[in-house]
Amino acid sequence: MCVYDGHKSTYIGNEEASRKMNEKLRVGILGGTGMVGQRFISLLENHPWFEVVTIAASARSAGKTYEEAVGGRWKMLTPIPEAVKKIKVMNVNEVEKVAAGVDFVFSAVDMSKDEIKAIEETYAKTETPVVSNNSAHRWTPDVPMVIPEINPEHFEVIASQKKRLGTTRGFIAVKPNCSIQSYAPVLNAWKEYEPYEVVATTYQAISGAGKTFKDWPEMVENIIPYIGGEEEKSEQEPLRVLGHVENGVIVKAQEPKITCQCIRVPVLNGHTAAVFVKFRKKPTKEELIERLVNYRGFPQESELPSAPKQFIRYMEEENRPQVQLDVDYENGMGISIGRLREDSIYDWKFVGLSHNTVRGAAGGAVLCAETLKAKGYITKK
């Protein structure tokens with residue numbers, strides 16, 4: 001088992017950790033200077049399977065070393081990894097040049113939705129797989145949107161996507177929005193009890209907007225009851241994740257019906273959700289907790305490097321989970337659930353917590369890439 005040590009920013013463990021550097025897949029980061037790009041850089045330091053060899057960003061950063069391009073804008077708590085400081089940043093729009101030196105890319109570009117769609121497809125057409133953190137392709141019918149513990153079988157639509165793109169190796173895969181990570185896995189763990197109606201309110205950290213308190217001082221001691229586009233994503237994206245593959249496309253689930261409010265709160269990292277659920281079959285509290293703590297998926301069964309050993313934990317304390325105490329559970333890749341109790345209108349209610357820039361963004365994409373490699377979709381060029 002390889003385990004990521006978030007404090008030392010290194011992986012420790014079995015023989016995978018001792019692989020020679022030239023055996024690793026060569027990785028490019030598109031949009032590597034932004035907050036999510038920085039998180040990719042941080043998470044991939046000493047990864048046993050992947051090596052960052054290329055960083056691409058806007059034309060204004062191109063030609064600078066990564067250290068120069070980021071300047072004083074490095075937002076991670078750990079320092080810039082030494083291995084990437086001197087990498088010369090490339091222009092993300094010079095697609096052929098960037099793609100030539102990598103086996104696949106992670107995409108965290110900051111562009112309009114149409115521009116992101118176009119550039120990610122252009123990279124895929126160079127026979128370079130794209131694992132994207134962006135939302136542009138989340139509803140493209142033949143692009144899989146995956147939480148690896150829930151729906152890795154959705155990667156099957158890649159075959160249809162390749163036919164559409166005219167590629168043999170290149171494709172796009174995406175991870176879903178950070179806001180759904182603290183409750184969509186729970187709904188899947190409870191699917192045998194047929195949840196059919198859900199009310200969720202998410203309390204979302206400022207790093208979800210790519211900000212720190214230094215960047216966004218008006219968020220100190222403040223709450224903003226609106227995040228553009230977030231409520232629709234929070235209501236609809238779980239249904240696509242919980243859907244199925246049919247005739248080469250993803251068909252979203254019809255239930256549960258979800259209604260959501262999304263609120264920005266003065267927290268740096270960690271999205272919390274307060275969730276109410278109605279079930280057709282009536283489970284006991286003990287049954288619900290048992291389904292959570294014993295939930296395992298492909299990443300756990302395959303012991304993928306970034307996989308949390310226990311994906312979902314249940315906390316008995318009345319005042320947990322808390323952001324400060326629990327956001328880094330399983331190095332930010334696990335989900336913490338608490339306060340499960342019967343409700344006077346709905347059947348059950350609970351509170352969930354997930355790390356929005358690790359599990360919800362870059363870390364979730366890294367786990368997708370590990371799953372794609374393990375399943376043979378990403379290989380050396």
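As the structure is a computational prediction, the values presented were derived from the model and not from experiment.
V131 and M111 fall into different hydrophobic clusters, defined by Ile, Leu, Val, Met, Phe, Trp and Tyr side-chain heavy atoms under 4.5 Å apart, directly or through other members.
The side-chain hydrogen bond (donor to acceptor under 3.5 Å, both in side chains) check on W216 picks up E218, with sequence neighbours excluded. The side chain to side chain contact (heavy atoms under 4.5 Å, CB included) test applied to D110 returns no partner, not counting sequence neighbours. Under the side chain to side chain contact (heavy atoms under 4.5 Å, CB included) criterion, T357 pairs with R39, S207, N269, H355, not counting sequence neighbours. Remark: F350 pairs with W190 by the ring pair (Phe, Tyr, Trp, His ring centres under 6.0 Å) rule, at least two apart or across chains. The salt bridge (charged side-chain N to carboxylate O under 4.0 Å, His left out) search around R291 returns E192, not counting sequence neighbours.
The closest side-chain heavy-atom distance from R73 to M35 is not below 4.5 Å. For the pair P129 and L372, the minimum side-chain heavy-atom distance is 4.5 Å or more. Under the 4.5 Å side-chain criterion, counting only non-hydrogen atoms from C-beta, P195 is in contact with F279. I335 has its side chain within reach of I337: a pair of non-hydrogen atoms, C-beta onward, lies under 4.5 Å apart. By the 4.5 Å heavy-atom criterion applied to side chains, V102 and V27 are not counted as neighbours. Between E370 and H47 there is a side-chain heavy-atom pair separated by less than 4.5 Å. Residues S107 and V130 form a side-chain contact, since some pair of their non-hydrogen atoms from C-beta on lies under 4.5 Å apart.
Partner R280 forms a side chain to side chain donor-acceptor pair (under 3.5 Å) with one of E197, E255, E194 and no other, that one being E255. For the side chain to side chain contact (heavy atoms under 4.5 Å, CB included) criterion with S234, the lone passing option out of Q236, E237, E230 is E230.
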Steps toward side chain to side chain contact (heavy atoms under 4.5 Å, CB included) verdict (T168, E127)
CA-CA 7 Å; T168 57; E127 301 295 355; 3.5 Å; yes
Side chain to side chain contact (heavy atoms under 4.5 Å, CB included) for M333 and L367? Distances and angles first, verdict last.
CA-CA 9 Å; M333 290 297 288; L367 191 60; 3.8 Å; yes
Next item on the list: Go through the steps for R164 and D142 under the test side chain to side chain contact (heavy atoms under 4.5 Å, CB included), then give the verdict.
Entry: CA-CA 9 Å; R164 175 174 62 86; D142 58 10; 2.6 Å; yes
- Trace of the side chain to side chain donor-acceptor pair (under 3.5 Å) decision for E120 with N134: CA-CA 10 Å; E120 289 183 350; N134 296 304; 3.2 Å; yes
Practice prompt. Step by step, work out the side chain to side chain donor-acceptor pair (under 3.5 Å) result for S179 and N177.
Written response: CA-CA 5 Å; S179 65; N177 199 47; 2.7 Å; yes
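Panel note: side chain D215, backbone K211; no donor-acceptor pair is recorded below 3.5 Å.
Pairs passing the side-chain hydrogen bond (donor to acceptor under 3.5 Å, both in side chains) check and including a residue from residues 143-159, sequence neighbours excluded, read E149-Q300, E149-R359, N151-H154. Residue pairs meeting the ring pair (Phe, Tyr, Trp, His ring centres under 6.0 Å) criterion with at least one member in residues 84-133, sequence neighbours excluded: F40-F106, F50-F104, F104-F106.
Through side-chain heavy atoms spaced under 4.5 Å, either directly or across other Ile, Leu, Val, Met, Phe, Trp or Tyr residues, L325 is tied to no other residue. Taking Ile, Leu, Val, Met, Phe, Trp and Tyr as hydrophobic and joining them when side-chain heavy atoms fall under 4.5 Å apart, one finds M315 isolated, its cluster having no other members. Other residues sharing a hydrophobic cluster with V245 under the 4.5 Å side-chain heavy-atom criterion for ILVMFWY residues are V157, I250. Grouped by direct or indirect side-chain proximity (heavy atoms under 4.5 Å, Ile/Leu/Val/Met/Phe/Trp/Tyr only), V351 sits alone.
Contact check on D347 versus K278 returns no salt bridge, with no Lys/Arg side-chain nitrogen under 4.0 Å from an Asp/Glu carboxylate oxygen.
Cation-pi geometry between K281 and Y193 is not met: the NZ or CZ atom fails to fall both under 6.0 Å from the ring centre and inside 45° of the normal. The cationic atom of K285 (NZ for Lys, CZ for Arg) does not lie both less than 6.0 Å from the six-membered ring centre of W348 and within 45° of the ring axis.
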Side chains of residues 84-101: which donor-acceptor partners sit under 3.5 Å, not counting sequence neighbours?
from: K85; atom 1: NZ; to: E82; atom 2: OE2; distance (Å): 2.8
from: K86; atom 1: NZ; to: E67; atom 2: OE1; distance (Å): 3.2
from: N91; atom 1: OD1; to: N93; atom 2: N; distance (Å): 2.9

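Taking all atoms of both residues into account, the shortest heavy-atom contact from I289 to Y314 is CD1-CE2, 3.6 Å.
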